[in-house]
Amino acid sequence: MAQPSRAPLAYFLRPRRTPGILGGNRPSEIGNSARYEHWDLLTFLSIAAKFQVDFSEETFRLGLRSLGRGATSNVVETSLSKDHGLAFKVPTASAASFGAENTEKAEVKQLKILIHELVALESLRSNPFVVDLLGITFHVNVEFNQVLPVMLTEASTHGTLTRLFLSAKGSTLTTAQRLKLCGNVAQACYGMHMLGIVHGDIKTDNVLVFEDGGGNLTAKVIDFGYSCFGTSQSDMVTVPRTKGWYAPEHQPGKPVKWADAQKMDLFSFGLLVCRLMLWEELISTAITEGLLLPKEGQDINANVDSMIDELKATRKLLDLIAFVMDASSNISGAEKECLRKILFLTLDPDPTLRAAGFAEIIPIMDPTLKPNPHRFQPVQIDKLCEEVVEFGHILSDLDSADYMVRRRLYQDLKRRVVSHNGCPCFKPCAKQLWLCCEIGLGTKRNRQAAAQWHSQCTDTTWDTQEYFELINKQYYDAGNAARDDRLSTLIGYVTSSATVSMSKYREGGRLEEAEAICRQDLEARKQSIGPQSRAYLAQLMLLSAILTEAEDAPGSLHAVEEAVQMYTNAYGKEDLGAMGARSYHANILFHFGLFEEAQNVQLDLLQLKQSKFGSKHRTTQTSRVMLVAIHHFQGRSEECLSEARTLLQEQAMHLEDTHPDVLNTRFWICHAKLALEDNIVDLLKDTRRLVQDYEAVAIAEDEGALLAKELLARVLLAVAKPDPSAPVTEEYLDECLEILVDQVLNRMEDSHEVFEDTDSEESTPLSDQDLSMEDADEPGSPSDSDSDTKSGSGGPFLEGVNFTTLLMAYTTFICALGFKFDFPNIRRSIPVITSEDFQGHFIENHLDIVRLGRVLPLIAKLESLADSGIADGDEVNQILWGLSHRWLLT
């Protein structure tokens, strides 16, 4: 396989794109609404599969920075590389968002919006001035039983046009640069109209701005959810309405001919040009002329939209614009003439006097462009909505999704065949219902029901065994060329996808249900497709993932080891499925603290991956990162540091400092340097930067951010007492405690304050027996009360808490409290991490458990000295140094 010239940029990018589904220039029999309104998840998924859009993992659930929140969606983003980012448009289908009677109707409306956006983006995929759709995933709302798609698009450099022009960068743009951005929007609109798509909501908030390496800016149009489709000029469509942006002839809710809707896009575009080119001067002149009256205590911009809505019904708006343009000293004569033509062809209150279309506007902005006004090839959205995807072709994607996705698709199929017997999609739906009942997809296996659905299919002559062999061939990485090239398969995310999904089951209290469904599906696959099929082995790995979340080490390891053995026997050790199974095997071994075994698996895998993919490939680097972590927990800090530094150098060639992979590597470098006491002052600076970078891209409760902050607290404690003879630097000590309490422990605990007032407490001295791990579960300790820390037990800790992070944070907290001689709070904290339930999450010789065991006798000795009136001296200083450098204790 040819090696890429650089590391993969995005694990959602599809390798190739098929031509759009375009129809001829003929009147539609159905108009703008499908005869059978299939606004459901099945339609969305079928269209996405037809366009070969990649399905991804639910990575938007990780801590990502928010770009904005609208009435129907929330947009967050993450960095992929120095050149690319990824935006997740997560729908929020509440009834209130859509004015619907209930959540179910709101979901239907949201799905219609998402289907319109999907079809528009994919039909315009070759247009460089429309945002690129990189993939889709799913958002599951268990409370409302909702399953909605999430759009994954490229993230822009400067955000929206609105944001750009409020920034320092925007204020420095020349008139030529602004006109170029307007030209980009015009070309996007021309492309839409030639495909029969009217955007309906052209405004600065719906245009993103990108900047390339040479500083060139490009505008790309977004948000096609309310767009309308027409197959002829006479089709009737309903255009949305945004205050300050809609055409004067627009009447809320009244359908118009598609040709007239085009003219509305033209008007909105004219307003966009006006705002980009003349906005400040326009407002100033409007105030001077008494057209815009500022109200006391109110932002002047709050009245601008109302002013425009009042003026645009007549030629007053055009007259005002012409006056401002003539008086402007910032625009050259040639540019004024260009603007005048554009604005008079777009902002005339009489739509018949506006340009016939954007083919007339574009040459004014760029005379070198001569678009063809007659190239009308409308998208047949009605035909697309009749598509029904072959589940067998996307079975691996469905298996990696939440089980509620599969359940919802089965329900959509049943609803289709019951309510739309005469629909062209009836027989294709019957075939998919046969498959669902035959292999247990989204429902229990039922061979009798499968036979009934089989009899209603269009073609009942296919051989079942051959069909299953085809499914197996197309599953995961089975040698199909289209699948082998998919980055989502090759770069290693498949091996970690189950962990992401399973943690969601745990956090939502659905682990038991997920396990039951998985075992049910496993048995169904065994009986139908066979125990050596990829679909069966994938379910086996899924079961292993669920059992890992349930902390069932024997069950989890048994399932994944069986999957590895069967994958290897059936397909060979170099098969991507076999490699994925072994990678996950290593992850589970690591999870349960079996580091030696995990290392052996990863070393074997690493050699194979380097040979097959190269040392810089993402999946190879995944194994290298795992080995770095293993070396740390084995106490091999020099090897950890050396390998992490090499890895970081390679990552820095194509990834930003804030990319999740880079942050992870930087974390292990700081970890190793601390263990080696390698230039601890510089280490403090590096760790501060690491925390700042995590905060820039992640939410406060993100696991990586919490680990980095706990590490910073440890470094601060070490700097506070760099050697036994040095005085304690209280500033660093106090910052250490503040981070631990406010930014780590209280983030991980639910309604449970870590710091408590100790003034009213009687201080009972701690003895070695009090600090013994074996006796920590005596009555009265937190583990016997509301402080039970076992995952999912209803204690104070958040669902999904990372017990290693908690162990390290509490240990550092106890050490820092020792400097304050705060033994009452120490006494309350120790049982939390020494209880039998808590300790049960770790192997006996876990590195941080060993270090905790070395700290506890020091705490007991320190209190004994304090009770004897000794709060200073060599012995106390030696103990405090040991508490602040516990990794050096032996």
Query - From CA spacing to verdict: side chain to side chain contact (heavy atoms under 4.5 Å, CB included), Tyr694, Leu706 - result: CA-CA 9 Å; Tyr694 262 113; Leu706 289 171; over 6 Å; no

Can you name the closest pair of heavy atoms from [X] and [Y] and give their distance?
X	Y	value
Leu690	Leu663	CD1-O, 3.7 Å
Val628	Cys640	O-SG, 3.4 Å
Ala720	Tyr732	CB-CB, 3.9 Å
Phe821	Ala871	CZ-O, 3.9 Å
Ala514	Ile546	O-CD1, 3.5 Å
Val744	Ala809	CG1-CB, 3.8 Å

Do [X] and [Y] touch side chain to side chain, with heavy atoms closer than 4.5 Å?
X	Y	answer
Asp872	Asn877	yes
Thr665	Gln651	yes
Arg714	Leu674	yes
Leu806	Leu745	yes
Asp682	Lys685	yes
Leu888	Trp881	yes
Gln634	Glu639	no
Val681	Asn679	yes

Using the test salt bridge (Lys or Arg N to Asp or Glu O under 4.0 Å), find all partners of [X] that sit at least two apart in sequence or belong to another chain.
X	value
Arg854	none
Arg624	Glu643, Glu650
Glu730	Lys820
Glu561	none

In Å, rounded to the nearest 0.5 Å, how long is the span from [atom1] of [X] to [atom2] of [Y]?
X	Y	atom1	atom2	answer
Ile830	Ile814	CD1	CD1	4.5 Å
Ser556	Ile588	OG	CD1	3.5 Å
Leu606	Ser623	CG	OG	5.5 Å
Thr729	Lys721	OG1	NZ	9.5 Å
Thr811	Met808	OG1	CE	9.0 Å
Phe813	Ile826	CZ	CD1	8.5 Å

Check ring-ring contact (aromatic ring centres under 6.0 Å, His included) between [X] and all other residues, then give those that pass, not counting sequence neighbours.
X	answer
His631	none
Phe819	none
Phe842	Phe838, His846
His671	His632, Phe667, Trp668

Report task. If a pair satisfies salt bridge (Lys or Arg N to Asp or Glu O under 4.0 Å) and one of its residues is in residues 667-676, list it, with sequence neighbours excluded. Result ->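 Sorted pair list: Lys673-Asp686.
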
Query - Any residue meeting side-chain hydrogen bond (donor to acceptor under 3.5 Å, both in side chains) with Arg666, in chain and number order, not counting sequence neighbours - result: Asp693

For the backbone of [Y] and the side chain of [X], can you confirm whether one donor and one acceptor N or O come within less than 3.5 Å of each other?
X	Y	result
Ser864	Ala860	no
Ser642	Glu638	no
Gln839	Ile833	yes

Query raised in the report: What pairs with Asn600 under side chain to side chain contact (heavy atoms under 4.5 Å, CB included), at least two apart in sequence or on another chain?
Result: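 Asn600 satisfies side chain to side chain contact (heavy atoms under 4.5 Å, CB included) with Glu596 only.
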
Query raised in the report: Taking only residues two or more places apart in sequence or in another chain, which ones pass side chain to side chain contact (heavy atoms under 4.5 Å, CB included) with Glu597?
Result: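 With neighbours one apart ignored, the set is Leu589, Leu594.
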
Query raised in the report: After noting the C-alpha distance and the side-chain angles of Leu717 and Val719, does the key distance pass the side chain to side chain contact (heavy atoms under 4.5 Å, CB included) rule?
Result: CA-CA 5 Å; Leu717 190 59; Val719 176; over 6 Å; no

Requested in this report: Using only heavy-atom distances, determine whether the side chains of Glu710 and Thr812 contain a donor-acceptor pair under 3.5 Å.
Outcome: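 There is such a pair between these side chains.
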
Report task. Taking atom types as modelled, find out whether Thr622 and Lys609 have a side-chain donor-acceptor pair closer than 3.5 angstrom. Result ->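 Per modelled atom types, Thr622 and Lys609 side chains form no pair under 3.5 Å.
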
Requested in this report: Report the C-alpha distance between Phe590 and Met626 in whole Å, list the side-chain angles of each, state the deciding distance to 0.1 Å, and finish with yes or no for side chain to side chain contact (heavy atoms under 4.5 Å, CB included).
Outcome: CA-CA 8 Å; Phe590 181 86; Met626 176 67 76; 3.7 Å; yes

Report task. Check the pair Leu740, Cys736 against side chain to side chain contact (heavy atoms under 4.5 Å, CB included), reporting the backbone distance first and the verdict last. Result -> CA-CA 6 Å; Leu740 286 169; Cys736 165; 3.8 Å; yes

Query raised in the report: Near Asp723 CG, under 6.0 Å, is it more than 12 heavy atoms from other residues, nucleotides or ligands?
Result: yes

